[in-house]
Amino acid sequence: LGHMSFPFAPDWYNNAIHEWIYRFHMEVFVFLSAFLIRYSFKGVSSLGNYMKYVGRKFKKFFIPFLLVGLVVALSKAWSYGIIKSEIWGYMWESLKCLLLYPMRSEASFLWYIYVLFGFYLVSPLVVKFPSWIKMILCILSMGLPLLGANHFLGGYLFCKYTFFYFLGILCAEGWEQLRDIKTWIIGLLSVPFLLWSFRYMSSCLNPDIEGTFLEIGPQGFDILSGCLALPFLYFVARLIQKVNWISSILTQISKNCFWIYLLQMFVLEKM
């Protein structure tokens with residue numbers, strides 16, 4: 001939903017709900033991915049084990065990234081009417097762009113898999129850091145979006161989302177403490193997000209209403225809105241957990257979320 005705006009949808013969806021989702025959805029997605037990377041991490045004790053670890057992640061993430069990216073490029077070549085004698089040159093340039101500038105490739109929507117693979121590569125080292133070092137790195141990474149990095153090797157994307165990577169790692173390591181927090185306290189912590197959401201969507205629908213303080217700053221600096229969303233979504237998750245049939249359905253979906261992500265991007269391309 002964060003990626004899709006529908007021409008037939010009413011203004012309150014395209015100009016408000018869609019924009020609202022876009023302000024925090026990828027920040028939350030990176031946080032959850034990092035949380036699960038740390039929560040499921042089984043340890044790497046040697047260089048040989050690390051290479052096996054990288055090989056598994058390469059097979060699971062980067063090979064599908066390459067295959068889907070090249071299929072998209074090939075379909076684009078067909079739609080552009082590129083002649084057969086030029087197809088190999090076009091595909092070679094598409095491959096280089098996919099590897100070096102994923103956000104500028106024909107399959108730019110696959111950037112998340114590229115970034116996720118990068119986070120997997122550094123995680124065995126990050127996990128070994130003491131918690132205080134992780135906390136310092138997490139705080140310092142809040143300033144990375146201000147560096148103005150370009151898109152080479154996904155640099156801009158790593159700068160934008162590294163804070164949520166470290167935050168996810170830290171929360172996974174403190175999971176027992178998080179579980180002990182009362183649900184009503186999480187509910188109270190969700191109130192700022194609800195207030196911001198109401199004000200933000202109101203300003204989207206009514207040009208006379210000024211934007212919120214979160215709109216101050218460089219484009220793409222969505223750390224604050226992402227942070228506000230996390231307690232709210234955790235609160236919703238706790239409520240969902242109490243409804244067995246919803247929890248069961250979402251569990252089944254989550255087991256296949258990687259492939260669902262890839263397939264729904266083809267739907268996005270068609271739209």
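Atoms considered below: every heavy atom in the structure, side chains included; atoms not considered: hydrogens, waters and symmetry mates.
- The distance from atom NZ of K242 to atom OG1 of T183, rounded to the nearest 0.5 Å, is 5.0 Å.
- Taking CD from E27 and OH from Y22, the interatomic distance works out to 9.0 Å, rounded to the nearest 0.5 Å.
- The aromatic rings of F117 and F62 are tilted relative to each other, their planes meeting at an angle between 30° and 60°.
- Minimum interatomic distance between K134 and F129 (heavy atoms only, all atoms of both residues): NZ-O, 2.6 Å.
- A heavy-atom distance below 4.5 Å is found between the side chains of L110 and I113.
- In plain terms, the two heavy atoms of K128 and V44 that are nearest each other are NZ-O, 3.4 Å.
- Using modelled atom types, one finds a donor on one side chain and an acceptor on the other under 3.5 Å when comparing S197 with W20.
- In the hydrophobic clustering of this structure, V191 does not group with Y200; members are Ile, Leu, Val, Met, Phe, Trp, Tyr whose side-chain heavy atoms approach within less than 4.5 Å, directly or through other members.
- Within the 4.5 Å cutoff, the side chain of M201 has heavy atoms near those of the I17 side chain.
- With contacts defined as side-chain heavy-atom distances shorter than 4.5 Å, the pair K60/K57 does not qualify.
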**Message:** Please determine whether side-chain contact (heavy atoms from CB on, under 4.5 Å) holds for the pair F41 and Y53, giving the CA-CA distance in whole Å, both sets of side-chain angles, and the decisive distance to 0.1 Å.
**Reply:** CA-CA 10 Å; F41 186 71; Y53 166 87; 4.0 Å; yes

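- Y13 and E19 share no donor-acceptor pair across their side chains, judged by distance under 3.5 Å alone.
- Rounding to the nearest 0.5 Å gives a distance of 9.0 Å between CG of L137 and CG of L170.
- Looking at heavy atoms from C-beta onward, F163 lies out of side-chain contact with L144 at the 4.5 angstrom threshold.
- Atom OH of Y101 is separated from atom CG of N150 by 6.0 Å, given to the nearest 0.5 angstrom.
- Taking the six-membered ring for Trp, F119 and Y161 have ring centres at least 6.0 Å apart.
- In this structure, F198 is not a member of the same hydrophobic cluster as L188, with clusters built from ILVMFWY side-chain heavy atoms closer than 4.5 Å.
- Residues I139 and V122 do not share a hydrophobic cluster, clusters being chains of Ile/Leu/Val/Met/Phe/Trp/Tyr side chains in contact below 4.5 Å.
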**Item:** Steps toward side-chain contact (heavy atoms from CB on, under 4.5 Å) verdict (C227, I223)
**Value:** CA-CA 6 Å; C227 285; I223 284 179; 4.2 Å; yes

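- The aromatic ring centres of Y156 and H151 sit less than 6.0 Å apart.
- Across C171 and L178, no two heavy atoms sit closer than the pair O-CD1, 3.6 Å.
- Counting heavy atoms from C-beta on, the side chains of F166 and M135 never come closer than 4.5 Å.
- Relative ring orientation between F24 and F193 is described as perpendicular, the plane-to-plane angle rising above 60° on a 0-90° scale split at 30° and 60°.
- Annotation: Y50, atom OH; neighbour count of heavy atoms from other residues, nucleotides and ligands within 6.0 Å is above 12.
- To the nearest 0.5 Å, atom CG of residue D11 and atom SG of residue C204 are 11.5 Å apart.
- Between the side chain of S248 and the main chain of N244, no donor-acceptor pair closer than 3.5 Å is present.
- When each of Y165, Y120, Y112 is tested with S33 by the rule side chain to side chain donor-acceptor pair (under 3.5 Å), just one qualifies, namely Y112.
- No side-chain donor-acceptor contact under 3.5 Å links S202 and N206.
- Aromatic ring orientation, W175 versus Y234: tilted (interplanar angle from 30° to 60°).
- Using a 4.5 Å heavy-atom threshold, the side chains of I37 and L116 count as touching.
- L228 and L195 are assigned to two separate hydrophobic clusters, defined by single-linkage of ILVMFWY side chains at heavy-atom distances under 4.5 Å.
- Of all heavy-atom pairs between L99 and L153, the closest is O-CD2, 3.9 Å.
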**Request:** Begin with the C-alpha distance, continue with both residues' side-chain angles, and end with the deciding distance and a verdict on side-chain contact (heavy atoms from CB on, under 4.5 Å) for Y39 and E173.
**Result:** CA-CA 7 Å; Y39 190 76; E173 293 179 351; over 6 Å; no

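- The shortest distance between side-chain heavy atoms of F232 and L189 does not fall below 4.5 Å.
- M26 is listed as a side-chain neighbour of W111, based on a closest heavy-atom distance under 4.5 Å.
- Using a distance-only test at 3.5 Å, with no hydrogens or angles considered, no donor-acceptor pair links the side chain of S94 to the main chain of A73.
- In this structure, CZ on F235 lies 13.5 Å from CD1 on I181, to the nearest 0.5 angstrom.
- Transitive grouping of hydrophobic side chains (ILVMFWY, heavy atoms separated by less than 4.5 Å) keeps L95 and W78 in distinct clusters.
- The shortest non-hydrogen separation linking K59 to P64 is O-CD, 3.4 Å.
- Put simply, the side chain of S40 gets close to the backbone of L36: a donor and an acceptor are under 3.5 Å apart.
- In terms of heavy atoms, S190 sits closest to P231 at OG-O, 3.4 Å.
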